[in-house]
Amino acid sequence: MQIKTLGKLIASIALCTISASSLAAEVTVSAAASLTNAFKEIAQNYQTQYPEAKVSLNFGASGALLQQIAKGAPVDVFASADQESMDEAQKQGLVVAADRRDFVKNTLVLIAPVDSILSIKRLEDLNQAGVKRIAIGNPASVPVGRYTQHALTAAKLWPALEAKAIYTQNVRQSLDYVARGEVESGFVYATDAAIMKDKVKVVMDVALDMPITYPVAKIKASTNAEEAKRFIAFLFLPQSQAILTKYGFQKP
């Protein structure tokens, strides 16, 4: 009888150990919407290399993701499309300065539907009557929107063009609006425009006096710290950097 009881106890302990080990191998990554395609592929490679691991991906505007993390969402890794969002995460004590690293950079572009006949060669051309709606990420929470606002302000065009702005929740929504012809133009990252070449065209690269760099960091309250560190390290391996390059991202 005692032997059976002991056997059940050992089996129970073994099951708990397996469950704890399984949980330790899970990592939840909140990443900027522009990283969607690249991170999905990188996550697949990660799980192939580490069969015991499971990567849960959550995409959205960096500001919105930050708000989720601040409210206690169970996140292990945060990858932002701008420094401002990560600075705020650090200010709130959600990440530690020593844990953040820049892993890619991007560029801002102005796009139009692929069949658009409008002539847009300069930002000033957005003032023409034919351009009634411009998709712009909401500057309050979407990094691409802040970059856009910065560029238009520098060109002394923001007050006039703000009236034409259709604010979006993230960069992929801006891309979608342009692809469906619901707006005459929109501001997105070069990497986003590249995935819909059959539906949108880049009409111009938008100059900025600041780099668009993407930082990544482990969340301080992560319950899977080691797995979070391993995933972040994986982003910097040649195979992951090659995937990011394939989708148009550049080295920081």
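FYI, side chains are in, hydrogens and waters are out, and symmetry mates aren't considered; it's all heavy atoms of this structure.
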Any residue meeting salt bridge (charged side-chain N to carboxylate O under 4.0 Å, His left out) with [X], in chain and number order, not counting sequence neighbours:
{"X": "E162", "result": "none"}
{"X": "K246", "result": "E41"}
{"X": "R146", "result": "D82, E84"}
{"X": "D102", "result": "none"}

Exercise. Do we see a donor-acceptor contact under 3.5 Å between the side chains of S34 and T191?
Worked result: no
Exercise. Can you tell me if Q49 and R230 form a side-chain donor-acceptor pair at under 3.5 Å?
Worked result: no
Check [X] against [Y] and note the closest heavy-atom contact, atom names and distance.
{"X": "P143", "Y": "S85", "value": "CG-OG, 4.3 Å"}
{"X": "S30", "Y": "V75", "value": "OG-CG2, 3.4 Å"}
{"X": "S222", "Y": "D76", "value": "OG-OD1, 2.7 Å"}
{"X": "A135", "Y": "V183", "value": "CB-CG2, 4.0 Å"}
{"X": "V200", "Y": "A193", "value": "CG2-O, 3.9 Å"}

For this session: Please test I219 against V95 for side chain to side chain contact (heavy atoms under 4.5 Å, CB included), starting from the C-alpha separation and ending with a verdict.
Result: CA-CA 5 Å; I219 297 301; V95 302; 3.9 Å; yes
For this session: Go through the structure and list residues passing side chain to side chain contact (heavy atoms under 4.5 Å, CB included) with E88, not counting sequence neighbours.
Result: L66, K91, Q92
Output all residues satisfying side chain to side chain donor-acceptor pair (under 3.5 Å) with [X], sequence neighbours left out; order by chain, then residue number.
{"X": "T148", "result": "none"}
{"X": "Q44", "result": "none"}
{"X": "D192", "result": "R172"}

Problem set entry | Inter- and intrachain pairs under ring-ring contact (aromatic ring centres under 6.0 Å, His included), touching residues 135-172, at least two apart | none
Problem set entry | ring-ring contact (aromatic ring centres under 6.0 Å, His included) partners of residues 41-79, not counting sequence neighbours, each pair once | Y46-Y50, Y46-F231, Y46-F234
Exercise. Got more than 12 heavy atoms from elsewhere within 6.0 Å of NZ, K199?
Worked result: no
For this session: Would you mind reporting whether Q173 and I166 have side-chain heavy atoms less than 4.5 Å apart?
Result: no
Exercise. Are any of the side-chain heavy atoms of L235 and F39 separated by less than 4.5 Å?
Worked result: yes
Exercise. Do Q250 side-chain atoms and V104 backbone N/O form a donor-acceptor pair below 3.5 Å?
Worked result: no
For this session: Spell out, as yes or no, whether a donor-acceptor pair under 3.5 Å connects the side chain of S62 to the backbone of A81.
Result: yes
Exercise. With sequence neighbours left out, which residue pairs that include part of residues 126-145 fulfil the side chain to side chain donor-acceptor pair (under 3.5 Å) condition?
Worked result: R133-E184
Using residues 109-125 as the side-chain source, report each donor-acceptor pair under 3.5 Å to any protein atom, sequence neighbours left out, with the distance given to one decimal.
| from | atom 1 | to | atom 2 | distance (Å) |
| --- | --- | --- | --- | --- |
| S116 | OG | L118 | N | 3.3 |
| D125 | OD2 | K121 | N | 2.7 |
| D125 | OD2 | R122 | N | 3.0 |

